[in-house]
K.L.:
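My structure is below; once you've seen it, I'll send some questions.
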Amino acid sequence: MISNKEIAGILSKTADLLEIKGENPFKVRAYRNAARIIENSAKDFNKLVNEGFDLTKLPGIGHDLSEYIKEIVKTGKFHKLEELKKEIPQGVAELLSIEGLGPKRVKLLYETFGIKNMDELKKYALSGELEKLPGFGPKLIEKILKGFKQLKKAGIRFLWADVENIAYEMREYLLDYKGVQIVDIAGSFRRKKESVGDLDILVIADDYQRVSDYFVKFHRVKEIYSKGLTRSTVFLDNSLQIDLRAVAKDSYGAALHYFTGSKAHNIEIRKLAIEKGLKINEYGVYKGNEKIASSKESDIYKSVGLNYIEPELRENRGEIEASRINALPKLIKEEEIKGYMCTVKDMDEVKKYIDDFVKVNKEYLILNVSNRYELINKVKTLKNSKNIKLITAAEVSVDENGDFEIPEDVLNNADIIAALMKKTELSAKDQTQRYLKVLNSKKINILLRPSLREVLTDAGVDLDWDEVFNAAYSNNVVMEVNSNPKYLDLSDILIKKAIECGVKIIITGNYKNIKYGIYQARRGWCEKKDAVNFWNYERVGKLWGL
DNA sequence: GCCGTTTTCGGCCCGACTGTTTTCAGTCG
Ligand SMILES: Nc1nc2c(ncn2[C@H]2C[C@H](O)[C@@H](COP(=O)(O)OP(=O)(O)OP(=O)(O)O)O2)c(=O)[nH]1
Ligand SMILES: [Mg+2]
Ligand SMILES: [Mg+2]
């Protein structure tokens with residue numbers, strides 16, 4: 001069964017090759033746009049096609065692309081891509097991953113010298129032959145040679161949590177510079193995407209045109225890619241790219257909006273402006289030559305008739321329409337959490353989490369006991385002595401057939417049961433049935449690590465989420481959102497889908513990690529009604545019959 | 001290739017930085 005990601009990959013690859021061929025850039029954009037829509041969608045396109053859903057109902061997918069997507073789903077191949085691959089050898093498109101090489105230059109390299117991979121490019125660059133090409137001077141060639149090492153364009157990304165410290169270190173560094181008033185980390189970092197391709201940093205300063213000079217002197221800068229009066233790009237020693245944008249205070253709102261993105265969101269907002277006879281750029285909103293908004297982000301939205309949209313929602317996944325009709329979700333906030341849920345394996349962990357819990361001053365704590373059920377009784381004893389609202393969960397492991405055992409005393413002693421699906425290789429159909437068996441067993445309250453995914457990998461179960469979420473809804477099974485930044489399971493997209501199916505989530509994790517899960521829940525349009533550990537103890541008690 | 005209570009044709013977001021460009025194309029955010 002072909003995944004959304006695979007369909008998107010085929011369309012996006014086609015876009016790359018069309019672009020190298022010199023096709024109409026707007027056609028190329030249409031392919032990329034379709035790829036983005038599919039990759040971001042909570043709907044399974046394989047299923048949509050098989051059910052005969054009219055894909056042209058989706059904005060951005062018209063008659064042609066709809067047919068192409070059907071072809072891809074039904075055959076696993078796309079004839080246009082197959083033809084393009086015959087014309088343009090494999091390695092040519094890979095040259096696009098080098099910073100500074102776009103479709104035009106790659107085409108020129110291929111047509112002039114027949115360069116079709118990185119090795120050949122390197123050979124020609126070192127031999128000096130490249131300089132014969134129009135537009136290829138010594139500086140560009142030097143850049144290309146260095147560019148072999150850069151990551152961003154090659155699609156290599158970092159976990160959000162892995163760039164957090166360096167982001168704040170850079171912010172402190174910039175704040176130290178004279179006249180700097182505001183430093184915001186924008187881009188996908190501000191939108192809280194689970195992984196980021198780079199850091200995008202906005203600086204507001206008195207003499208903002210001087211900031212670039214200072215920026216590139218940051219001690220971890222290894223390579224300066226470009227440097228101008230209002231924007232610069234550098235690479236750090238760990239190959240992380242950092243983009244800097246510096247503007248005057250008056251443009252703060254417009255610049256923050258621009259630099260937060262996403263690109264697709266920006267384009268939609270700018271199209272709305274055009275319809276209203278306005279123009280939006282990173283400096284402001286303009287009616288003719290008159291600037292009508294610029295200093296506050298919310299004013300940018302207001303100028304095109306929209307309510308303010310939280311950064312986590314800015315992915316062009318329906319947030320603009322929702323904003324227009326006053327239907328944006330009221331997202332959960334970190335500080336509104338009422339109860340924590342942590343997994344414990346031994347008494348030391350139990351004590352540690354209880355100690356932490358007392359410090360954070362929240363209402364209740366759920367301890368999920370894995371492996372050793374005798375812990376449950378010890379935890380209960382502790383609960384009475386410490387006089388805290390403690391809920392005990394017993395973790396059960398589900399085998400390949402969808403069976404699991406809960407010993408009698410566990411059933412009697414644990415407040416709730418949480419199921420963890422053992423990793424198995426099953427067809428999507430069988431996997432779905434296995435999940436349904438568990439959900440319909442009426443014995444479990446929480447499904448842990450529902451998709452077994454891992455961020456930045458292809459890991460994860462293949463199944464029919466509509467069926468699984470519908471069963472979870474009917475049986476009142478809550479889905480875990482695991483806050484470990486390596487897992488973030490459920491993902492933002494599946495959280496959104498779960499919520500649309502009426503399924504509740506519980507955001508789990510220790511005090512350090514919990515925010516990462518909350519970020520993803522916000523990206524999944526999560527409101528208080530959707531997240532059970534944002535409810536008070538009484539309401540949770542009713543849900544689980546405590 | 002997509003799209004349309006201004007349109008079924010002719011638009012499609014908008015701007016900064018680089019290079020060898022003497023007026024702008026290519027690339028990128
Ligand atoms: N209007 C407009 N804005 C753009 C465009 N490309 C990028 N931006 C804005 C929105 C992006 O969120 C922001 C930062 O660009 P990035 O390439 O770093 O993308 P982003 O941070 O969203 O994702 P990333 O994780 O870095 O891949 O700049 C564009 O073509 N047009
Ligand atoms: Mg970025
Ligand atoms: Mg960037």
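Just so it is clear: chains get the letters A, B, ... in the order the sequence lines come, proteins before strands, and each one is counted from 1.
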K.L.:
Determine, for nucleotides 24-29 of chain B in 5'-to-3' order, which nucleotides have protein heavy atoms under 4.0 Å from the base (write B), from only the sugar-phosphate (write S), or from neither (write -).
P.N.:
--SSSB
K.L.:
Rounded to whole Å, please give me the gap between NZ in A/Lys279 and C1' in B/dC13.
P.N.:
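Distance check: A/Lys279 NZ to B/dC13 C1' gives 10 Å.
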K.L.:
Quick one: is B/dC3 close enough that its OP1 or OP2 comes under 4.0 Å of any side-chain N or O from A/Lys271?
P.N.:
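Answer no for this pair, as no side-chain N or O of A/Lys271 is under 4.0 Å from OP1 or OP2.
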K.L.:
Can you give each donor-acceptor pair under 3.5 Å made by side-chain atoms of residues 84-107 of chain A, sequence neighbours left out, with the distance rounded to 0.1 Å?
P.N.:
{"unit_1": "A/Glu87", "atom_1": "OE1", "unit_2": "A/Lys21", "atom_2": "NZ", "d": "3.4"}
{"unit_1": "A/Ser97", "atom_1": "OG", "unit_2": "A/Glu94", "atom_2": "O", "d": "2.7"}
{"unit_1": "A/Arg105", "atom_1": "NH1", "unit_2": "A/Gly100", "atom_2": "O", "d": "2.9"}

K.L.:
Output yes when at least one side-chain N/O atom of A/Thr230 is less than 4.0 Å from OP1 or OP2 of B/dG15, else no.
P.N.:
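A/Thr230 to B/dG15 OP1/OP2: no side-chain N or O under 4.0 Å.
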K.L.:
Which whole number of Å gives the distance between the C1' atom of B/dT8 and that of B/dC2?
P.N.:
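Going atom to atom, C1' in each nucleotide, I get 12 Å.
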K.L.:
Report which part of the nucleic acid A/Ile269 touches: base, sugar-phosphate, or nothing (heavy-atom distance under 4.0 Å, all strands).
P.N.:
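No contact.
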K.L.:
Taking any heavy-atom pair under 4.0 Å as a contact, classify A/Lys80: base, sugar-phosphate, or nothing.
P.N.:
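Contact class for A/Lys80: sugar-phosphate only.
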K.L.:
To the nearest Å, give me how far apart CD1 (A/Ile274) and C1' (B/dC14) are.
P.N.:
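Those two atoms, CD1 and C1', are 9 Å apart.
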K.L.:
Which whole-number value in Å describes the distance from A/Leu272 CG to B/dT5 P?
P.N.:
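A/Leu272 atom CG is separated from B/dT5 atom P by 12 Å.
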K.L.:
When we call it a touch if two heavy atoms are under 4.0 Å apart, what does A/Asn266 touch: a base, just sugar-phosphate, or nothing?
P.N.:
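Counting heavy atoms under 4.0 Å across all strands, no contact is made by A/Asn266.
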K.L.:
Using atom NZ of A/Lys227 as one end and atom P of B/dG19 as the other, report the distance to the nearest whole Å.
P.N.:
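In whole Å, B/dG19 P and A/Lys227 NZ are 13 Å from each other.
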K.L.:
Check each of A/Glu334, A/Glu335, A/Glu164 against A/Lys515 using the salt bridge (charged side-chain N to carboxylate O under 4.0 Å, His left out) test, and report the only one that passes.
P.N.:
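Single salt bridge (charged side-chain N to carboxylate O under 4.0 Å, His left out) partner of A/Lys515 among A/Glu334, A/Glu335, A/Glu164: A/Glu164.
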K.L.:
Over all strands shown, is A/Gly187 touching base, sugar-phosphate only, or nothing at heavy-atom distances under 4.0 angstrom?
P.N.:
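Answer is nothing: A/Gly187 stays at 4.0 Å or more from every strand.
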K.L.:
Between A/Ser226 and A/Tyr31, which is nearer to the 5' end of DNA chain B once each is assigned its nearest nucleotide?
P.N.:
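Here A/Tyr31 is the residue nearer the 5' end.
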K.L.:
Answer yes or no: is there a donor N or O on one side and an acceptor on the other, between the side chain of A/Asp464 and the main chain of A/Glu467, under 3.5 Å?
P.N.:
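Judged by distance alone, yes, a pair lies under 3.5 Å.
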K.L.:
For the pair made of CD1 in A/Ile267 and P in B/dC13, what is the distance, rounded to whole Å?
P.N.:
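Answer to the nearest Å: 6 Å.
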K.L.:
Please state the C1' separation for the pair B/dT21 and B/dT27 - nearest whole angstrom.
P.N.:
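Here B/dT21 and B/dT27 have their C1' atoms 14 Å from each other.
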K.L.:
Tell me what A/Leu58 touches on the nucleic acid: a base, only sugar-phosphate, or nothing, going by heavy atoms under 4.0 Å.
P.N.:
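A/Leu58: backbone/sugar contact only, no base atoms under 4.0 Å.
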K.L.:
So A/Tyr286, base contact, sugar-phosphate only, or nothing? Heavy-atom distance under 4.0 Å.
P.N.:
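Here A/Tyr286 touches no strand at all.
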K.L.:
Report yes or no: is the cationic atom of A/Lys279 (NZ for Lys, CZ for Arg) under 6.0 Å from the centre of the six-membered ring of A/Tyr286, at an angle within 45° of the ring normal?
P.N.:
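Because its charged atom sits under 6.0 Å from the ring centre and within 45° of the axis, A/Lys279 does stack over A/Tyr286.
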K.L.:
Is it true that the side chains of A/Asp250 and A/Ser295 contain a donor and an acceptor less than 3.5 Å apart?
P.N.:
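Not at all, the side chains of A/Asp250 and A/Ser295 share no donor-acceptor pair under 3.5 Å.
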K.L.:
Hey, which of these two, A/Ser66 or A/Leu140, hits DNA chain B nearer its 5' end, going by closest nucleotide?
P.N.:
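Of the two residues, A/Ser66 wins.
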K.L.:
Checking A/Tyr214 against A/Asp176: is there a side-chain donor and acceptor pair closer than 3.5 Å?
P.N.:
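Looking only at side-chain atoms, A/Tyr214 and A/Asp176 do not form any donor-acceptor pair under 3.5 Å.
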K.L.:
State whether a side-chain donor-acceptor pair under 3.5 Å links A/His219 with A/Tyr173.
P.N.:
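Short answer, no.
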K.L.:
Using a cut-off of 4.0 Å on non-hydrogen atoms, how would the nucleic acid contact of A/Pro59 be classed: base, sugar-phosphate, or nothing?
P.N.:
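Result for A/Pro59 = sugar-phosphate.
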